[in-house]
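One structure below.
Numbering of residues begins at 1 and proceeds along the displayed sequence. Hydrogens, waters and symmetry mates play no part in the numbers below; they use all other heavy atoms, side chains included.
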Amino acid sequence: MVYVLDSVLAAALLFFLFLPITDRRTVTMKLGMMVALAAILSLSLTIPGGSAPGVQPAGMVLSSN
């Protein structure tokens, strides 16, 4: 499932990378989407999903409610 998410994010990143620049609004949209998609892609690659079922990654904070 993670590979599908990463490939979709990479495809969207490439789409906005090769989007032609026509006016100022396009530049703003392109830069904003590139930064957002790059941040999401880097987070999805660096945050571990847990290798075994029931194992929580060390960085998760659980509520004590």
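- Among pairs with a residue in residues 13-23, those fulfilling side-chain hydrogen bond (donor to acceptor under 3.5 Å, both in side chains) read Thr22-Thr26, Asp23-Thr26, at least two apart in sequence or across chains.
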Result block: side-chain N/O donor-acceptor pairs under 3.5 angstrom for residues 27-37, not counting sequence neighbours:
residue: Thr28; atom: OG1; partner: Arg24; partner atom: O; Å: 3.0
residue: Lys30; atom: NZ; partner: Leu17; partner atom: O; Å: 3.0
residue: Lys30; atom: NZ; partner: Leu19; partner atom: O; Å: 3.2

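- Linking ILVMFWY residues whenever their side-chain heavy atoms come closer than 4.5 Å, directly or via other members, places Leu13 and Phe18 in the same cluster.
- The side-chain hydrogen bond (donor to acceptor under 3.5 Å, both in side chains) analysis of residues 36-45, with sequence neighbours excluded, yields the pairs Asp6-Ser44.
- For the atom pair CG (Leu41) and OG (Ser7), the distance works out to 10.0 Å, reported to the nearest 0.5 Å.
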